Amino acid sequence: MKTYKDRLLTYLLTPMSWLYGAAVYVRNKLFDLKLLKEEEFDVPVVCVGNITVGGTGKTPHVEYIVSHLSAIYKVAVLSRGYKRKTKGFILANSKSSPDSIGDEPYQIWHKFGGSVRVAVCEKRSYGIKQIKRLHPDVDLVILDDAFQHRYVKPRLSIVLIDYNRPVFNDHLLPLGRLRESVHALGRADMVVVTKCPDQMQPLDYRLMANHLELMAYQKLYFSRYRYEPLEPVFPEESPYFASISQLSERDSVLLLTGIAHPRYFVRHFSPYPVKVKVSHYPDHHDFSRNDLLEIERKFDEMSGERKIIVTTEKDAVRLAFNPYFPDKLKPFVFFQPISVGIEGGIKYSDFISDLKTELRNKSVKDVREEDRTAGRDQTFDSGSALNKD
């Protein structure tokens, strides 16, 4: 049941959502009618994105794809480098930092090192051209968070949606979190439902598939987070313990997050007997000197025989480069690595095998363009749940 405040907010934001939806509809129509041009490249391009604002797990899924395809392709990952303090095209190197290329691109580059090229550029088409100029051997480009960047025509589009925030019950911005109408899923070749619970039943898979109403040529997958052992943010500081399982109810953990939706991260620590305190900041937060002094104060005030700070992998790359981070806290700071596992739900098809097959089939995009236009028009829709209480 909506409160008066909720109803008033819906009343005020709904017209803005309609205007936003109309603008998105017109823009997509211009691309569909070829009035705005999509540039196609000889090198295959895989777009990984979403139709919502943040929080679907793009980075671990990009890493999953890279880890499986880098053995057979010379892979480059191209991102816009959200919240970096630079402009233009930059190719990651040993002197790169989260400030210069963004925290998520830096995380990917740091994880894969020189085996994968990582670059950032606001103009994706220009970025692809620069990658090919500098590294002609690159034969696969993965575009990170580029589903709405239609100036590049990808060989394959993969869209991620959060199981816990169904797009079919959401609204367009600013009333909800949708960047585009649910109808935009018609441009996707593969849809991955992320952050699924461990115990999904066949009925859960079918219900999600029925709600999404994908076309016959589109493939649906389901993924789950896998939590790896904790790792030190400052390994040179000789961390004093190796596993959170060593901690007891007499110990304390400060969970430090700067991500869009921290509840999944926090929920992971609920089975442990330790006392947990949470300190949450906005997504991609740039921790200031005052922030770190506040974190140090909270850590000092925590009780327990042993105390640690645990943060996310994305936050860890920013903290490791932060000149204000207190030296005395460094041995006690760890990050939680996350990987993903993907399955095909009802059909149990193999995501990576299907991805390789799609990349080998060079004509598949041309065949599907007519299906997309005829079968699912980009109908203007301000959100499927606008009229729901």
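All residue numbers refer to positions in the sequence shown, counting from 1. In what follows, every heavy atom counts, from backbone to side chain, and hydrogens, waters and symmetry copies are set aside. Just so it is clear, the model here is predicted, and its values are computed rather than measured.
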*Test salt bridge (Lys or Arg N to Asp or Glu O under 4.0 Å) on Glu180 and Arg187 and set out the steps.*
CA-CA 11 Å; Glu180 299 186 70; Arg187 302 199 312 271; 2.9 Å; yes
Between Phe31 and Ile128, is there shared hydrophobic-cluster membership here, with clusters defined by ILVMFWY side-chain heavy atoms closer than 4.5 Å? no
Q. Are side-chain heavy atoms of Ile51 and Phe147 found at a separation under 4.5 Å?
A. yes
Practice item. Check for a donor-acceptor pair, side chain of Asp291 on one end and backbone N or O of Ser288 on the other, with a separation under 3.5 Å. Key: yes
Can a donor-acceptor pair be found between the side chains of Lys275 and Ser303 at a distance below 3.5 Å?
yes
With sequence neighbours left out, the residues meeting salt bridge (Lys or Arg N to Asp or Glu O under 4.0 Å) with Arg133 are none
* Among the clusters formed by ILVMFWY side chains lying less than 4.5 Å apart, do Val45 and Val120 turn up in the same one? -> no
**Asked** Just by distance, do the side chain of Lys195 and the backbone of Asn164 share a donor-acceptor pair under 3.5 Å?
**Response** no
| request: Indicate yes or no: does Glu39 engage Arg124 in a salt bridge with an N to O separation below 4.0 Å. | output: no
**Message:** Taking atom CZ as the centre, does Arg289 end up with more than 12 heavy-atom neighbours from other residues, nucleotides or ligands that are less than 6.0 angstrom away?
**Reply:** no
Using 4.0 Å as the upper bound for N to carboxylate O, is an ion pair formed by Glu63 and Lys58?
no
For Pro154 and Cys47, the nearest pair of non-hydrogen atoms, with its separation, is CB-CB, 4.0 Å
In this structure, CG of Leu35 is separated from CG of Leu30 (nearest 0.5 Å) by 5.5 Å
query: Taking it one step at a time, do His268 and Tyr264 satisfy ring-ring contact (aromatic ring centres under 6.0 Å, His included)?
result: CA-CA 6 Å; His268 169 66; Tyr264 312 107; over 10 Å; no
I'd like a table of donor-acceptor pairs (distance under 3.5 Å, sequence neighbours excluded) in which one partner is a side-chain atom from residues 87-94, with atom names and distances.
residue : atom : partner : partner atom : Å
Asn93   : OD1  : Lys95   : N            : 2.8
Asn93   : OD1  : Ser96   : N            : 3.4
Asn93   : ND2  : Leu91   : O            : 3.4

Requested in this report: Indicate yes or no for a side-chain donor-acceptor contact from Lys307 to the backbone of Gly304 under 3.5 Å, with no hydrogens or angles considered.
Outcome: no
Lys85 versus Ser100, side-chain donor and acceptor atoms under 3.5 Å: no
Output for pair (Leu69 CG, Ile352 CD1), nearest 0.5 Å, gives 5.5 Å
Using only atom types and a distance under 3.5 Å, with no angle test, would you say the side chain of Ser17 pairs donor to acceptor with the backbone of Leu13? no
Worksheet item: With ring centroids as reference points, do Phe325 and Phe321 lie under 6.0 angstrom apart?
Response: no
Interatomic distance, OH@Tyr272 vs CG@Leu247, rounded to 0.5 Å, equals 10.0 Å
Ser115 side chain to Phe112 main-chain N or O, any donor-acceptor pair under 3.5 Å?
-> yes
Mind checking whether Phe332 and Phe299 have parallel, tilted or perpendicular rings, split at 30° and 60°?
tilted
Checking the side chain of Asp204 only, and the main-chain atoms of Gln201 only, is there a donor and an acceptor separated by less than 3.5 Å? yes
| Charged N to carboxylate O under 4.0 angstrom, Arg150 versus Asp32? | yes
### Message
How about CG on Asp42, more than 12 heavy atoms from neighbouring residues, nucleotides or ligands closer than 6.0 Å, or not?
### Response
no
>> Within the structure provided, determine whether Thr194 and Val340 are in side-chain contact (heavy-atom separation under 4.5 Å).
In response: no
Does Asn50 offer a backbone N or O that forms a donor-acceptor pair with the side chain of Gln148 under 3.5 Å?
yes
Taking every heavy atom of Lys132 against every heavy atom of Val138, the minimum-distance pair comes out as NZ-O, 2.7 Å
Exercise for review: Evaluate the side-chain proximity of Leu329 to Glu296: yes if any heavy-atom separation is below 4.5 Å, no if none is.
Suggested key: yes
So CG of Leu12 and CZ of Arg7: to nearest 0.5 Å the spacing works out to 13.0 Å
Cluster question for you: counting only ILVMFWY and a side-chain heavy-atom cut-off of under 4.5 Å, with indirect links fine, are Val141 and Ile72 together?
no
Before accepting this row, confirm whether a basic side-chain N of the pair Lys328/Asp300 lies closer than 4.0 Å to the acidic partner's carboxylate O. yes
Quick one: do Arg80 and Glu122 make a salt bridge, cutoff under 4.0 Å? no
Practice task
Ignoring hydrogens and angles, tell me if any N or O in the side chain of His135 forms a donor-acceptor pair with the backbone of Ile131 under 3.5 Å.
Solution key: no
Within a strict 4.5 Å, meaning less than it, do heavy atoms of the Phe41 and Ser125 side chains meet? yes
Any ion pair linking Asp139 and Lys74 (charged N to carboxylate O, less than 4.0 Å)?
no
Original post:
Between Asp315 (side chain) and Gly258 (backbone), is there a donor-acceptor pair under 3.5 Å?
Top reply: yes
With side-chain hydrogen bond (donor to acceptor under 3.5 Å, both in side chains) as the test, would you mind laying out the steps for Ser252 and Lys277 before giving the verdict? CA-CA 8 Å; Ser252 297; Lys277 188 171 185 178; over 6 Å; no
query: Does the side chain of Ile161 come within less than 4.5 Å of Thr56's, by heavy atoms?
result: no
Is the shortest heavy-atom distance from the side chain of Leu255 to the side chain of Phe269 under 4.5 Å? yes
Residue pair Tyr324 / Asn290, side-chain donor-acceptor N/O under 3.5 Å: no
task: May I ask you to decide if Ile259's main-chain N or O and Thr257's side chain share a donor-acceptor pair within less than 3.5 Å?
output: no
Practice prompt. For the residue pair Tyr106 and Asp99, establish whether any side-chain heavy-atom pair is separated by less than 4.5 Å.
Written response: no
Can you tell me how the ring of Tyr227 sits relative to the ring of Tyr225, calling it parallel under 30°, perpendicular over 60° and tilted otherwise? perpendicular
- Task: Determine the interplanar angle of the His285 and Tyr281 rings, folded into 0 to 90°, and report it as parallel if under 30°, tilted if 30 to 60°, perpendicular if over 60°.
- Result: parallel
dist Leu220:CG -> Tyr205:OH (nearest 0.5 Å) comes out at 10.5 Å
Should the pair Asp103-Arg84 be classified as a salt bridge under the 4.0 Å nitrogen-to-oxygen rule? no
(Q) Using the rule given for salt bridge (Lys or Arg N to Asp or Glu O under 4.0 Å), can you reason through Glu343 versus Arg224, listing the C-alpha separation, both sets of side-chain angles and the distance that settles it, and then say yes or no? (A) CA-CA 9 Å; Glu343 65 180 34; Arg224 296 177 177 83; 3.5 Å; yes
Phe222-Phe168 co-clustered via ILVMFWY side chain contacts under 4.5 Å: yes
Query raised in the report: If two hydrophobic side chains count as joined below 4.5 Å and joins carry through other members, does Ile108 share a cluster with Val48?
Result: yes
Here the gap from Leu173 atom CG to Tyr20 atom OH, rounded to the nearest 0.5 Å, amounts to 4.5 Å
**Prompt:** Below 4.0 angstrom, N of the basic side chain to O of the carboxylate: do Arg297 and Glu294 qualify?
**Reply:** yes
- Message: Is any side-chain heavy atom of Met190 closer than 4.5 Å to one of Leu156?
- Response: yes
Q. Hey, are Arg179 and Asp145 close enough for a salt bridge, meaning a charged N less than 4.0 Å from a carboxylate O?
A. yes
Next item on the list: Show your reasoning for whether side-chain hydrogen bond (donor to acceptor under 3.5 Å, both in side chains) applies to Ser339 and Glu228.
Entry: CA-CA 7 Å; Ser339 61; Glu228 312 293 342; 2.7 Å; yes
Inset, instruction - Answer yes when Arg155 and Glu40 have at least one side-chain N-carboxylate O distance shorter than 4.0 Å, and no when they do not. - result: no
